[in-house]
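Taking it in order: structure first as structure tokens, then the write-up.
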Amino acid sequence: MRPRKRVVTSPAGGTILPARKRKPGRPRSRRPSRLPPLPQGRSLVLEGSGATSPRRAEPSATELAAVDLSVDLAPGRGGFRLANPILVASGTFGYGVEYGEVVDVQRLGAVCCKGTTLKPRVGNVTPRVTETPAGMLNSIGLQNPGVDAVVERYAPTWTAWQTSVIVNVAGESIADYVEVCRRLDGVPGVAAIELNISCPNVGKGGLQFAIDAEAAGAVTAAVRRTTDLPLLVKLSPNVADVRPIARAIAAAGADALTAVNTLSGIAVASDRRRPLLGNVFGGLSGPAIKPVALRVVYEVAQVVDIPVVAIGGVTELADVLDFLAVGAVAVQVGTAIFADPTLPVRLIDELAGECLARGLSSYQPLVGTALPPRPDAPSAKGVEYRP
Amino acid sequence: MRLAAAELVDSREILPDQWLQSYYAPSLVAGARAGQFVHVRTGDYSGLVLRRPFSFNTVDSATGVFTIHFRTIGRGTEWLKRVRQGEPVDMLGPLGRPFEVDSRSRHLLLVAGGLGMAGVRMLADEAIRAGRQVVLLFGAATAGEVYPSFLLPDEVEYVVATDDGSLGHHGYVTDLAPQYEAWADQAFACGPSPMLRALAGLAAGRGQRLGVAKLGRKRGAGRSAPLGSPEARRKAFLQVSMEQNMGCAVGACLGCVVMSVAGTPQRVCREGPVFAAEEIAWESGW
Ligand SMILES: Cc1cc2nc3c(=O)[nH]c(=O)nc-3n(C[C@H](O)[C@H](O)[C@H](O)COP(=O)(O)O)c2cc1C
Ligand code: FES
């Protein structure tokens with residue numbers, strides 16, 4: 001692919017981001033594309049618009065906005081349409097307000113807020129985070145003020161946003177999940193629910209819901225009966241075979257799957273006398289887990305008919321394109337926000353720029369291109385689901 | 001809170017493996033106060049996924065230049081020390097909440113252990129500019145690690161302790177503190193957590209020993225200021241700048257907490273890094 005300048009538009013909030021003009025380090029590398037070469041001549045979007053060649057270095061904001069990046073995460077029921085497929089991952093973006101001054105939240109596809117439980121939780125003892133090769137471990141322990149406080153403190157703010165807020169829900173029993181979702185149901189500002197099922201199930205001796213197809217299906221079904229809010233269920237990568245779990249969740253009525261949560265890991269303190277994290281175990285995230293996340297999305301996208309949202313190590317446009325290629329219809333950006341808070345918004349423009357450069361009026365043709373063809377697939381490319 | 005490309009102006013190894021770097025970034029310097037920090041991103045090719053927090057060591061708002069002081073302890077700081085003059089470094093700041101000096105405080109006791117100097121250094125400048133008297137107690141392992149006095153304002157009374165007795169008092173910096181507790185109106189500390197804990201212990205018993213009540217007794221007597229509030233710090237005899245591993249540094253990830261006496265975790269990056277010593281649950285083991 002030819003080199004292209006980074007796409008920059010000024011955020012609506014008028015935030016000053018001088019760092020964008022001159023970033024340290026080398027320009028991000030783009031990996032060669034596996035997609036068909038650029039069509040010659042004008043792109044679909046530019047047709048008749050009088051614009052110059054699609055090979056222009058920097059498309060204007062108007063040109064970028066002409067690309068249809070919208071995505072429906074609940075096409076099966078009523079619909080849950082987002083303006084674009086770039087979301088921010090639970091636990092890495094607080095309640096959407098913390099980065100307010102440096103990130104234009106209104107541009108994001110959606111915000112997944114911190115894991116929310118029925119009762120307040122103080123979380124785990126420190127240290128809670130540590131850097132690892134190309135990643136980090138965290139053991140926050142679901143610190144949160146409880147669902148009622150979350151609704152009271154943040155929902156009024158969310159209501160005023162054009163960006164959807166997806167509340168990430170955690171619990172220790174099916175009753176917990178159901179009660180949290182019941183309290184979120186109908187609250188203005190709460191657009192959808194993402195079930196974090198990587199939690200110990202007290203009813204089954206602490207066995208995580210996420211590693212048990214039956215429990216994962218049961219909790220999904222119970223929540224489905226409780227609320228009509230769009231329901232996303234977040235898969236754990238810490239399982240031998242994720243496919244039966246994904247199938248059980250889809251069969252239980254989830255609108256979409258998100259994958260993946262963190263990988264279980266530990267680090268050792270520098271004196272080598274104990275594990276580093278206060279909680280011993282932590283969740284690995286960041287670029288280190290991207291291949292695992294790709295594999296999970298690749299597997300899951302082939303066995304379910306509902307949309308899959310990819311999470312894990314997204315740090316640049318190439319990662320987004322990779323996840324789309326293995327069947328994801330949207331991605332969540334997590335750990336990378338800590339280093340580069342403006343990344344998610346930039347990815348939206350870069351994805352639109354990529355579509356323009358390929359002569360596409362939407363990003364849909366980029367979805368599922370690396371999946372194996374399926375005999376029963378509705379499209380020649382084997383894409384089961386089309387956003 | 002702003003993102004800026006800070007330009008390296010100067011970089012010096014002031015002590016073995018300890019660097020003092022000046023950066024030009026008017027937008028970060030604007031409004032920055034002692035106790036606050038910047039969150040620094042290493043180069044894209046460094047392979048590191050987290051930023052590194054550094055206290056504002058000194059700030060010159062007239063020129064838009066500030067300094068940070070760090071020890072090379074890992075790949076992030078190794079990267080940072082190699083930044084060349086004129087190169088831009090991506091920084092987020094100013095972050096966190098500053099030290100709060102009560103308007104009536106004339107005598108400030110600053111206590112720093114090792115790299116903790118970077119946490120209180122700027123407060124010395126602010127205090128002297130405001131016409132206050134400053135005693136700075138500094139502790140290091142050995143003479144070779146003692147912060148050079150020429151880097152401090154002349155007005156500061158600088159008292160040193162070394163673990164091995166190679167310079168100044170033979171022992172801990174906390175041994176020196178009691179001599180100043182009657183003189184000091186307020187104290188401000190940054191350093192290893194055993195040092196802070198020991199100082200917090202001393203500060204807790206001070207009122208009784210000296211027969212003085214807490215500062216701020218007149219304003220809102222009896223009513224304790226809300227946890228993490230500027231008033232809570234302003235009223236405290238001892239304010240401490242805490243350290244914790246950080247992810248986001250803006251309050252989003254909850255990675256950096258310390259436990260408060262109320263049993264609610266406080267974010268070092270948002271409610272802190274400066275806390276009133278009496279707000280921290282020192283024995284909680286967090
Ligand atoms: C500090 C931190 C806190 C997290 N908290 C949650 C959480 O509360 N609920 C959840 O479902 N996932 C949580 N996650 C997982 C992320 O949402 C995401 O699945 C994971 O980090 C992988 O994406 P990444 O590599 O882009 O970070 C957390 C991750 C991090 C780093
Ligand atoms: S470092 Fe993320 S909350 Fe403090």
Side-chain angles (χ1 to χ4, degrees), chain A residues 15-29 91-102 114 120 122-136 138-145 276-278 285-288 313 315-316 335-342, chain B residues 1-8 25-28 39-52 73-76 79-80 83 87-93 242-260 262-265 267-270 284-286:
Chain A
T15 326
I16 16 127
L17 300 168
R20 278 189 185 173
K21 286 186 211 129
R22 286 206 304 176
K23 273 279 166 66
R26 291 186 266 123
R28 288 156 187 280
S29 62
T92 61
F93 207 71
Y95 296 91
V97 296
E98 292 80 356
Y99 274 108
E101 300 160 59
V102 292
K114 176 66 192 166
V122 294
N124 290 330
V125 293
T126 55
R128 289 178 172 185
V129 293
T130 189
E131 200 168 34
T132 58
M136 66 177 285
N138 87 80
S139 63
I140 310 300
L142 289 174
Q143 182 188 330
N144 80 98
L276 187 152
L277 295 172
S285 63
T315 63
E316 58 177 339
T335 302
I337 295 170
F338 299 155
D340 189 359
T342 61
Chain B
M1 187 206 309
R2 292 168 287 273
L3 270 171
E7 199 174 292
L8 185 87
S27 68
L28 293 180
H39 210 29
V40 178
R41 183 180 179 189
T42 55
D44 272 357
Y45 46 87
S46 65
L48 302 173
V49 305
L50 295 181
R51 288 172 181 252
R52 268 76 180 145
I73 46 158
R75 289 196 298 139
W79 178 89
L80 199 58
V83 174
E87 261 184 83
V89 178
D90 181 345
M91 299 195 190
L92 181 64
M242 304 291 285
E243 243 182 64
Q244 191 57 270
N245 292 2
M246 286 192 189
C248 65
V250 302
C253 75
L254 307 176
C256 65
V257 300
V258 290
M259 189 45 98
S260 74
T264 51
R267 297 166 296 186
V268 169
C269 69
R270 196 81 174 204
S284 68
W286 277 51

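Chain letters run A, B, ... following the sequence lines, proteins first and then strands; every chain starts at 1.
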Heavy-atom pairs under 4.5 Å with chain A, option from B/Leu48, B/Val83, B/Val258, B/Thr264 with the top count: B/Leu48
Quick one: does B/Leu3's side chain get under 4.5 Å of A/Thr342's, heavy atoms only? yes
Under a 4.5 Å cutoff for heavy-atom pairs, which residue among A/Val122, A/Val97, A/Thr92 has the most contacts with chain B? A/Val122
To the nearest 0.5 Å, what is the distance between CG (B/Asp44) and OG1 (A/Thr315)? 8.5 Å
Report yes if some heavy atom in the side chain of B/Cys248 is under 4.5 Å from a heavy atom in the side chain of A/Phe93; otherwise report no. no
Once you round to the nearest 0.5 Å, how far does CD of A/Glu98 lie from SG of B/Cys269? 9.0 Å
Do side-chain atoms of A/Arg128 reach the backbone of B/Leu254 as a donor and acceptor pair under 3.5 angstrom? yes
How far apart are the closest heavy atoms of B/Met1 and A/Glu101, and which atoms are they? N-OE1, 3.2 Å
B/Asn245 vs A/Thr126 side-chain heavy atoms within contact, under 4.5 Å: no
Heavy-atom pairs under 4.5 Å with chain A, option from B/Gly263, B/Gly47, B/Gly76, B/Gly247 with the top count: B/Gly247
So for B/Gln244, is it side chain, backbone, both, or neither that comes closer than 4.5 Å to the heavy atoms of chain A? side chain
Choice from A/Ala339, A/Gly94, A/Pro133, A/Gly141 maximising heavy atom contacts with chain B below 4.5 Å: A/Ala339
For the atom pair NE2 (B/His39) and CZ (A/Phe338), what is the distance rounded to the nearest 0.5 Å? 8.5 Å
If we only count heavy atoms from C-beta on, is the A/Gln143 to B/Pro265 side-chain gap below 4.5 Å? yes
Under 4.0 Å between a Lys/Arg side-chain N and an Asp/Glu carboxylate O for A/Glu131 and B/Arg51? no
